[in-house]
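Below: the structure, in structure tokens.
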There are 2 protein chains.
Amino acid sequence: MQSDSDMAPAETASVVAPEGFRSLRGRSATHVAERLRDMILGGDLPAGRRISERMLTEGLGVTRTPLREAFKILETEGLLHIVPNRGAQVAELSPADVDMAMELLVGLESVAAEPACARATAAQFAAVEALHGQMVACQRDGDLMGYFRINQDIHQNIVDCAHNPALSRVYRAESARVRLYRFAGNRVRQRWSCAVMEHEQILQALKQRQGPLLRELLRAHHLNGWRVTRLVLGNEIRPDR
Amino acid sequence: MQSDSDMAPAETASVVAPEGFRSLRGRSATHVAERLRDMILGGDLPAGRRISERMLTEGLGVTRTPLREAFKILETEGLLHIVPNRGAQVAELSPADVDMAMELLVGLESVAAEPACARATAAQFAAVEALHGQMVACQRDGDLMGYFRINQDIHQNIVDCAHNPALSRVYRAESARVRLYRFAGNRVRQRWSCAVMEHEQILQALKQRQGPLLRELLRAHHLNGWRVTRLVLGNEIRPDR
DNA sequence: CGGAGTCAGATTGCATGCAAATGCATCCCC
DNA sequence: GGGGATGCATTTGCATGCAATCTGACTCCG
């Protein structure tokens, strides 16, 4: 009869989902991977730290199966290192590894420069300019974290202007891998104003669709930044705070 | 007594491992991912083909847990596409996707060119030359599969000359992703001799450590090859067999 | 005949159980 | 006292079980 089959299909009798809750079924591992990635990129899990499954299953409220799937994802992304029978640890990059990753990142931006100039839309110009404005505000307010985050965002946006999904994906992944190692360099306040000026030139070149110029500006900008970062990492100069 | 404790420690009573067998404990997922990757890159699993877990657990002799971990690895590599509650299917690339991936691959080789010239060792020169010799032999014998495989191998080796692990890793992954789509282009025999000549110039430039020249030669070589491939994929010319 | 409903079998997502491996404290023997 | 052996608790790797979801064939009504 009607009353039998008419039960509200949205929720079962056993557990009532809190409102706004969307089931994560089929997305647990992805979701856990995102959480873990945030923890690593945010510095909550420092490089080299060993990660026990139990710690995370309790912390994130999932069971071991999706957690272990997330480990595989992050290992493939290069953020975790898994030793059989001994669990996972946050990947640790040697200075040489970071150097090589930076070489790759500079290269990827060079690759992006000309397609970006050829294909960027007006909306993308506007988005990059808006971010630039926010970054200047962070510089003015001395907001280190915001400055750094938006800086990365601007570079990702410029790469995205090339409308090449594969390029964007690879740039994002490699950028994440070295994120924490680059953070140090942005702590030299002297570099900030210089970087802002370089960004302004970069924006100009992008908006005027001058591909080769953009490529050279990006390369120079990166090499400048990386030089400072390397000095900080090598303790040759002291960060401002 | 002696006879009690003297049992051969290499094998337990329950299951006798076949000789040469090393336990895969802790490596199942990785191993399965390798097998699956080979199946996809070898064309045994065509693009778009849906993959059921049962098919593979039976085919590969593993249970679902490591198989599902392997799925996550291959999804992160871009070789599989997983739809929640509906399983995995081999990733399918649109012509635009392949175009963009090729743009990235050409870019990565350009990035590799100068460091490769700067850092390649004599052993690496020799390795690339040996591969080139093998490729010429394949061309002579009309061995399509061998020619194609060694061709890819040569390009990977050139990138590896840059001694940049991150670059090598990314190049390998992206190269794999479009492997099957590029295969078609190598079926035009007319292109083979042309490609061999281009490779010879490329080798020259590498050995003489002429970075900028190498970069231009690689770019031109790729664009030539990709132009032919695109024609074949678009059915504008017919492959030789 | 067409389309919504529905129902069983198959498939997937995740929790859990068990065995192998590890780590650590203790014990032993020299 | 020191350098292993040994046993126990913990952790990891994988197999399996159960519930949610999908699929597709069939039914039934218009």
Side-chain angles (χ1 to χ4, degrees), chain A residues 1-17 21-36 49-75 80-90, chain B residues 2 4-17 21-36 49-75 80-90:
Chain A
M1 315 307 246
Q2 212 182 7
S3 58
D4 272 332
S5 59
D6 233 4
M7 283 178 54
E11 39 194 41
T12 64
S14 55
V15 176
V16 175
F21 176 86
R22 288 176 310 151
S23 167
L24 249 45
R25 184 189 164 89
R27 267 166 272 265
S28 273
T30 310
H31 180 74
V32 170
E34 274 165 24
R35 294 285 316 268
L36 253 175
R49 160 84 123 259
R50 197 157 146 214
I51 301 179
S52 92
E53 294 180 0
R54 199 158 61 87
M55 180 180 82
L56 280 175
T57 51
E58 288 172 2
L60 301 179
V62 291
T63 55
R64 293 175 57 216
T65 308
L67 175 64
R68 289 174 55 83
E69 289 176 1
F71 278 3
K72 294 295 184 191
I73 294 173
L74 295 174
E75 183 185 34
L80 282 186
H81 184 61
I82 298 178
V83 183
N85 294 316
R86 296 185 29 178
Q89 60 183 57
V90 180
Chain B
Q2 214 182 4
D4 272 332
S5 58
D6 233 3
M7 283 178 54
E11 40 194 39
T12 65
S14 54
V15 176
V16 175
F21 176 87
R22 287 177 310 152
S23 167
L24 250 45
R25 183 189 163 92
R27 267 166 272 265
S28 272
T30 310
H31 180 75
V32 170
E34 275 166 23
R35 293 286 315 268
L36 252 175
R49 159 83 126 260
R50 192 151 152 219
I51 302 180
S52 93
E53 294 181 359
R54 200 159 61 86
M55 180 179 83
L56 281 175
T57 51
E58 288 172 1
L60 301 179
V62 291
T63 56
R64 292 176 56 217
T65 307
L67 175 63
R68 289 174 55 83
E69 289 175 2
F71 278 3
K72 294 296 183 190
I73 294 173
L74 295 174
E75 183 185 35
L80 281 187
H81 185 61
I82 298 179
V83 184
N85 293 316
R86 297 186 26 180
Q89 59 182 56
V90 180

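Order of the sequence lines fixes the chain letters, A, B, ..., with proteins taken first and strands second; residue numbering starts at 1 for each chain.
Between the CE atom of B:Met55 and the C1' atom of C:dA10 there is a distance of 15 Å, rounded to whole Å. B:Glu69 places its CD atom 13 Å from the P atom of D:dT12, with the value rounded to the nearest Å. Atom-to-atom, CG of A:Asn85 to C1' of C:dA21 comes out at 5 Å; the value is rounded to the nearest Å. Remark: C1' of C:dT12 and CZ of B:Arg68 are 6 Å apart, rounded to the nearest angstrom. Across the protein-nucleic acid pair, A:Arg64 atom CZ and D:dT11 atom P stand 10 Å apart, rounded to whole Å. Atom NE2 of B:His31 and atom P of D:dG13 are 17 Å apart (whole Å). Counting to the nearest Å, the C1' atom of D:dG13 and the CZ atom of A:Phe71 are 13 Å from each other. Atom CZ of B:Arg27 and atom C1' of C:dA21 are 12 Å apart (whole Å).
Of all heavy-atom pairs spanning B:Leu80 and B:Ala88, the tightest one is CD1-CB, 4.2 Å. Of all non-hydrogen atoms in B:Ala29 and B:Ala70, the two that sit nearest each other are O-CB, 3.6 Å.
A distance-only check finds no donor-acceptor pair linking the side chain of A:Arg68 to the backbone of A:Glu53 [under 3.5 Å]. Put simply, the side chain of B:Arg50 gets close to the backbone of B:Arg86: a donor and an acceptor are under 3.5 Å apart.
Residues B:Val32 and B:Phe71 form no side-chain contact, since every pair of their non-hydrogen atoms from C-beta on lies 4.5 Å or further apart.
Contact annotation: A:Ser28 side-chain N/O to C:dC14 OP1/OP2 distance is under 4.0 Å. Put simply, B:Arg54 has a side-chain N or O that comes within less than 4.0 Å of OP1 or OP2 on C:dT11.
Each of B:Ile51 and A:Pro84 has a nearest nucleotide on DNA chain C; the 5'-most of these lies closest to B:Ile51. Each of A:Arg50 and A:Val62 was matched to the nucleotide of DNA chain C holding its nearest heavy atom; the match closer to the 5' end belongs to A:Val62. Residue whose closest nucleotide on DNA chain D sits further toward the 5' end, between A:Thr65 and A:Gly87: A:Gly87.
The base of D:dG13 has none of its N or O atoms less than 3.5 Å from a complementary donor or acceptor on the side chain of A:Arg86.
Comparing D:dC14, D:dA19, D:dG13 against the side chain of A:Arg25 picks out D:dA19 as the nearest.
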